[in-house]
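The structure appears right after this line, and notes come after that.
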There are 2 protein chains.
Amino acid sequence: MNETAQRLMDMAEAHIRHAGYRGFSFRDLAAELGIRSASVHHHFPTKGTLVAAVVRRYGDRFLATVASRSSETEDDAISAYRSAFRTALERDGRMCLCGVLTAETGVLTPEVVEEIRSFFRRCIDDLTRRIGGSEAAARAYHVMATLEGGMMLARAYRDIGAFDQATASLA
Amino acid sequence: MNETAQRLMDMAEAHIRHAGYRGFSFRDLAAELGIRSASVHHHFPTKGTLVAAVVRRYGDRFLATVASRSSETEDDAISAYRSAFRTALERDGRMCLCGVLTAETGVLTPEVVEEIRSFFRRCIDDLTRRIGGSEAAARAYHVMATLEGGMMLARAYRDIGAFDQATASLA
DNA sequence: GTCTATAATTTGATAGAC
DNA sequence: GTCTATCAAATTATAGAC
């Protein structure tokens with residue numbers, strides 16, 4: 001995976017989080033990079049291949065971030081998830097990449113759909129393990145749902161205060 | 001607003017909840033109804049006009065449903081919201097129309113964006129009023145976020161059990 | 001209210017030269 | 001790895017006849 005491919009993935013991720021899967025074309029990416037759309041196809045044969053790779057990388061990075069920012073205790077884990085999502089929201093009003101893509105499930109390729117499911121499963125499994133106890137799974141689902149919905153509300157209101165209010169009771 | 005316009009709105013809503021704002025074209029709607037796309041433009045001049053009307057009607061119907069299914073008490077209101085969303089999820093795996101559209105904010109017309117914001121505001125204001133007390137607003141944001149995120153998880157997992165787990169602690 | 005016809009643009013993807 | 005050139009299809013929208 002060379003630098004051009006990395007840049008293409010960066011741009012694709014930004015576009016998706018702004019306007020969804022169909023919020024950009026290969027020509028858009030090519031123009032931003034100063035090349036032609038046929039060259040983009042050299043790095044990623046299809047749009048589905050590109051987006052699946054973007055989702056996988058997003059999940060790897062996200063889980064590494066929350067792991068580095070928290071110990072193994074429950075409150076730390078929830079706070080780490082909350083602040084990781086809040087940072088992107090604060091910086092450019094973006095919600096979770098996978099939250100955005102889930103809305104377009106009906107037109108995504110099977111490989112992209114599977115990568116999205118994998119992201120949520122990895123997060124909820126990680127949270128469940130860290131929370132522990134008999135209600136751990138239900139709490140993990142609750143935390144993840146509230147964070148995703150909180151980002152959605154903040155975006156609709158154009159106000160990060162909506163995220164803060166929605167998630168204040170979590171940790 | 002005649003019957004053809006109503007049907008066009010029904011079809012548009014179903015398409016959006018399946019694949020987003022760009023998940024259908026005027027030609028798709030026309031073909032389903034056995035007419036031509038130019039005739040769809042007679043009822044709704046632009047796609048933005050159509051979708052704004054669909055969102056407005058969705059909000060009116062949703063608020064009427066939760067009002068009819070609950071008294072003025074707090075637990076009743078939260079349960080009514082929860083079961084109203086759960087019904088559509090159970091029937092055809094669809095999440096909230098406005099939750100879907102929020103993901104595509106970047107390509108929506110201003111009138112559609114404003115209708116979406118209006119939907120969330122109406123819901124949260126209604127919940128806040130019914131919950132009452134000093135923490136009412138924060139609780140209303142929390143409930144709405146958890147329900148929206150719960151629908152998102154259920155869709156990603158293709159399992160309504162995810163919604164149930166995420167929202168079990170609400171009411 | 002519906003039609004035919006069409007404009008103007010964009011899209012994902014491919015073939016093959018350099 | 002990047003290019004030119006191109007394809008086949010789809011999109012939103014409009015003009016004007018019936």
Side-chain angles (χ1 to χ4, degrees), chain A residues 1-55 100-101 103-116, chain B residues 1-55 100-101 103-113 115:
Chain A
M1 193 69 68
N2 64 29
E3 197 190 315
T4 301
Q6 303 279 352
R7 284 195 198 168
L8 289 169
M9 290 168 73
D10 294 342
M11 295 185 298
E13 181 179 331
H15 277 290
I16 295 168
R17 292 171 86 172
H18 177 66
Y21 183 82
R22 286 155 297 180
F24 75 99
S25 69
F26 272 30
R27 277 180 177 76
D28 293 330
L29 303 188
E32 284 177 58
L33 210 56
I35 59 176
R36 299 295 188 154
S37 69
S39 304
V40 179
H41 283 278
H42 168 76
H43 297 279
F44 300 97
T46 67
K47 193 173 185 181
T49 310
L50 165 60
V51 175
V54 169
V55 174
V100 169
L101 287 171
E104 292 178 278
T105 300
V107 288
L108 303 177
T109 65
E111 62 179 335
V112 174
V113 172
E114 183 49 39
E115 284 295 345
I116 294 164
Chain B
M1 192 69 68
N2 64 30
E3 197 190 316
T4 300
Q6 304 279 353
R7 284 193 197 170
L8 289 169
M9 290 169 74
D10 294 342
M11 296 185 298
E13 181 179 332
H15 278 289
I16 295 168
R17 292 172 85 172
H18 177 66
Y21 182 82
R22 290 157 125 143
F24 75 98
S25 68
F26 271 30
R27 275 182 176 72
D28 293 330
L29 303 188
E32 285 177 58
L33 210 57
I35 60 177
R36 299 296 187 153
S37 70
S39 304
V40 178
H41 282 278
H42 168 77
H43 297 279
F44 299 96
T46 67
K47 193 173 184 179
T49 311
L50 166 59
V51 174
V54 168
V55 173
V100 169
L101 287 171
E104 291 177 280
T105 300
V107 290
L108 304 178
T109 65
E111 62 179 334
V112 174
V113 172
E115 285 294 345

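The basis for the numbers below is simple: all heavy atoms, side chains too, and nothing from hydrogens, waters or symmetry mates. Residue numbers start from 1 in every chain, and the chains themselves are labelled A, B, ... in the order their sequence lines are given, proteins ahead of strands.
- In this structure, B:R22 and B:N2 both approach DNA chain C, and ranking their closest nucleotides by distance from the 5' end singles out B:N2.
- Separating the CZ atom in A:F24 from the CD atom in A:E13 is a distance of 11.0 Å, to the nearest 0.5 Å.
- DNA chain D forms stems at C:1-18 with D:1-18, each a run of 3 or more consecutive Watson-Crick or G-U wobble pairs whose two key distances fall under 3.5 Å.
- At the heavy-atom level, A:F24 lies under 4.0 Å from the strands shown only through sugar-phosphate atoms.
- Which of D:dT11, C:dA13, D:dT14 sits closest to the side chain of B:H41 comes down to D:dT14.
- Nucleotide D:dT12 holds its P atom 10 Å from the CG atom of B:L50, rounded to whole Å.
- Pairing each heavy atom of A:V55 with each of A:I116, the nearest pair is CG1-N, 4.0 Å.
- If you take NZ of B:K47 and P of D:dT12, they are 4 Å apart, rounded to a whole angstrom.
- Looking at the side chain of B:S39, the nearest of the listed nucleotides C:dA13, C:dC3, D:dT11 is C:dC3.
- As a whole-Å value, the separation of B:E3 CD from C:dG1 P is 12 Å.
- Spacing between atom CZ of A:R27 and atom P of D:dT2 amounts to 17 Å, rounded to whole angstrom units.
- Partners of A:R36 by salt bridge (Lys or Arg N to Asp or Glu O under 4.0 Å), not counting sequence neighbours: none found.
- Taking side-chain N and O atoms only, B:H42 has a distance below 4.0 Å to OP1 or OP2 of C:dG1.
- In this entry the distance linking CZ of A:F26 with P of C:dT14 reads 10 Å, nearest Å.
- Using a 4.5 Å heavy-atom threshold, the side chains of B:H43 and B:N2 count as touching.
- The minimum heavy-atom distance linking A:R27 with A:S37 is given by the pair CG-CB, 3.8 Å.
- A close approach under 4.0 Å does occur between a side-chain nitrogen or oxygen of A:R36 and OP1 or OP2 of D:dT4.
- Remark: C1' of C:dG12 and NE2 of A:H43 are 17 Å apart, rounded to the nearest angstrom.
- Note on A:S25: every side-chain N or O is 4.0 Å or more away from OP1 and OP2 of C:dT10.
- Between the CG atom of B:L33 and the P atom of C:dT2 there is a distance of 8 Å, rounded to whole Å.
- Looking at the side chain of B:T4, the nearest of the listed nucleotides D:dA13, C:dT14, C:dT2 is C:dT2.
- Of the candidates D:dG1, D:dC7, D:dA15, D:dA15 carries the atom nearest the B:A38 side chain, counting heavy atoms from C-beta on.
- For A:L29 and C:dA13, the CG to C1' distance is 14 Å, given to the nearest whole Å.
- When the ring-ring contact (aromatic ring centres under 6.0 Å, His included) test is applied to A:H41, the partners found at least two apart in sequence or on another chain are A:F26.
- A salt bridge links A:E104 with A:R22; the closest basic N to acidic carboxylate O contact falls under 4.0 Å.
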